[in-house]
Amino acid sequence: MNTLKKQGLDAPIVPLLYIIAGLVATSCAVIFRNNYSGYLWTLLYGIIMVLGGLIFIHTSMRGKHIIWDNILSTLTIPNDSKVLDLGTGHGLVLLKFASRLSENGHATGIDLWRNQDQSNNSIENTQNIIKSYHLDKVASVQTANPLLLKEFVTIQFSMYNQDNLSITYGE
């Protein structure tokens, strides 16, 4: 539970609603199984909804770590890179990049810090997480709306270093 509080849960209301709907459907299927012939479909629906909520929680808490570790293992990131993380949240991606940087590099995270996007989401919480990983010399966070930045940012399925545009991921 401490991990959940520290790193938060993506869109926290969604898995809760999935699990509640699943439990209601499963309960109705069991209670009214003698009153209608489609109770097995309702039971199946309920089980799928509960499983969907649990998978959502797993993906938010563990799965995205695995995905980012796999992506970063394929990249050569110079230790003096400048990294901009839009939609930082609790800093998962920011921390993974920052841990690869020397004091000559820097990772900056930008977010609006809204709790409906991620539970326990605040700039203070993310700053504390950065400090707990001893990365505060190479990582920092700011409050800003990424849509209002004056720079143009495009995100496709490629990653590149502005000094060497030939480095791509996924090609």
Side-chain angles (χ1 to χ4, degrees), residues 1-33 36 38-75 77 83-101 107-136 138-147 153 155-159 169-170:
M1 194 58 120
N2 196 21
T3 301
L4 178 60
K5 183 171 178 152
K6 183 177 177 182
Q7 67 184 65
L9 182 65
D10 298 333
I13 193 72
V14 174
L16 179 65
L17 292 176
Y18 269 62
I19 291 170
I20 289 171
L23 292 174
V24 167
T26 301
S27 298
C28 287
V30 170
I31 292 169
F32 300 111
R33 69 181 177 272
Y36 74 104
Y39 79 93
L40 285 176
W41 289 111
T42 305
L43 180 65
L44 179 63
Y45 169 78
I47 292 169
I48 289 171
M49 290 299 287
V50 170
L51 288 174
L54 294 174
I55 290 169
F56 191 106
I57 291 169
H58 168 74
T59 302
S60 180
M61 300 301 298
R62 183 72 187 121
K64 62 185 180 181
H65 289 269
I66 295 167
I67 292 167
W68 274 104
D69 287 341
N70 288 339
I71 290 171
L72 290 175
S73 71
T74 66
L75 299 176
I77 301 166
V83 177
L84 177 62
D85 179 22
L86 303 177
T88 301
H90 287 73
L92 168 72
V93 177
L94 181 76
L95 293 169
K96 289 194 179 289
F97 274 93
S99 67
R100 296 168 174 254
L101 302 176
T108 302
I110 294 176
D111 205 310
L112 294 172
W113 316 110
R114 300 183 318 177
N115 280 317
Q116 65 262 33
D117 297 332
Q118 197 171 50
S119 64
N120 200 28
N121 194 17
S122 70
I123 192 168
E124 295 83 12
N125 186 43
T126 304
Q127 287 169 331
N128 289 335
I129 293 170
I130 291 168
K131 286 178 188 169
S132 74
Y133 284 92
H134 307 289
L135 292 170
D136 45 319
V138 294
S140 62
V141 289
Q142 301 174 19
T143 300
N145 184 342
L147 299 176
V153 176
I155 302 171
Q156 298 177 13
F157 290 103
S158 63
M159 302 173 79
Y169 178 77

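Note that the structure is predicted; figures quoted are calculated from it, not measured. Basis for what follows: all heavy atoms, side chains included, without hydrogens, waters or symmetry-related copies. Numbers here simply count residues along the sequence, with the first being 1.
- Expressed to the nearest 0.5 Å, how far OG1 of Thr126 lies from CG of Leu95 amounts to 8.5 Å.
- The structure places CG of Leu43 at 10.0 Å from OG of Ser27, a figure rounded to the nearest 0.5 Å.
- The shortest heavy-atom contact between Gly22 and Met49 is CA-CB, 3.5 Å.
- Side-chain contact between Val50 and Leu23 is present, with heavy atoms from C-beta onward closer than 4.5 Å.
- Contact check for Leu94 versus Ile130: side-chain heavy atoms found under the 4.5 Å cut-off.
- Nearest heavy atom pair, residue Ala107 against residue Ala98, reads CB-CB, 4.1 Å.
- Contact record, Arg114 with Asn121: O-ND2, 3.2 Å, taken as the closest heavy-atom pair.
- Val30 is not listed as a side-chain neighbour of Tyr39, based on a closest heavy-atom distance of 4.5 Å or more.
- Proximity of Thr108 to Val83: side-chain heavy atoms (C-beta onward) are nowhere separated by under 4.5 Å.
- The CE atom of Met61 sits 10.5 Å away from the NE2 atom of His58 when rounded to the nearest 0.5 Å.
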Practice item. Could you walk me through whether Thr88 and Trp113 pass the side chain to side chain contact (heavy atoms under 4.5 Å, CB included) test, one step at a time? Key: CA-CA 8 Å; Thr88 301; Trp113 316 110; 4.3 Å; yes

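- Of all the heavy atoms in Ile77 and Arg100, the pair that sits closest is CD1-CD, 3.7 Å.
- Ser60 contributes atom OG, which lies 8.0 Å from atom NE2 of His65 (distance to the nearest 0.5 angstrom).
- Atom NE2 of His90 is separated from atom CG of Asp111 by 9.5 Å, given to the nearest 0.5 angstrom.
- Annotation for Asp69 and Lys96: closest pair OD1-NZ, 2.7 Å, computed over non-hydrogen atoms.
- The shortest side-chain heavy-atom distance between Phe32 and Thr42 does not fall under the 4.5 Å cut-off.
- The only option from Asp85, Leu72, Leu135 that meets the side chain to side chain contact (heavy atoms under 4.5 Å, CB included) definition with Phe97 turns out to be Leu72.
- Separation of atoms CD (Glu124) and CD1 (Ile129) is listed at 11.5 Å; rounding is to 0.5 Å.
- Side-chain contact between Tyr18 and Leu54 is absent, with no heavy-atom pair separated by less than 4.5 Å.
- Side-chain contact check for Thr26 and Tyr45: no donor-acceptor pair (N or O, by modelled atom type) lies under 3.5 Å.
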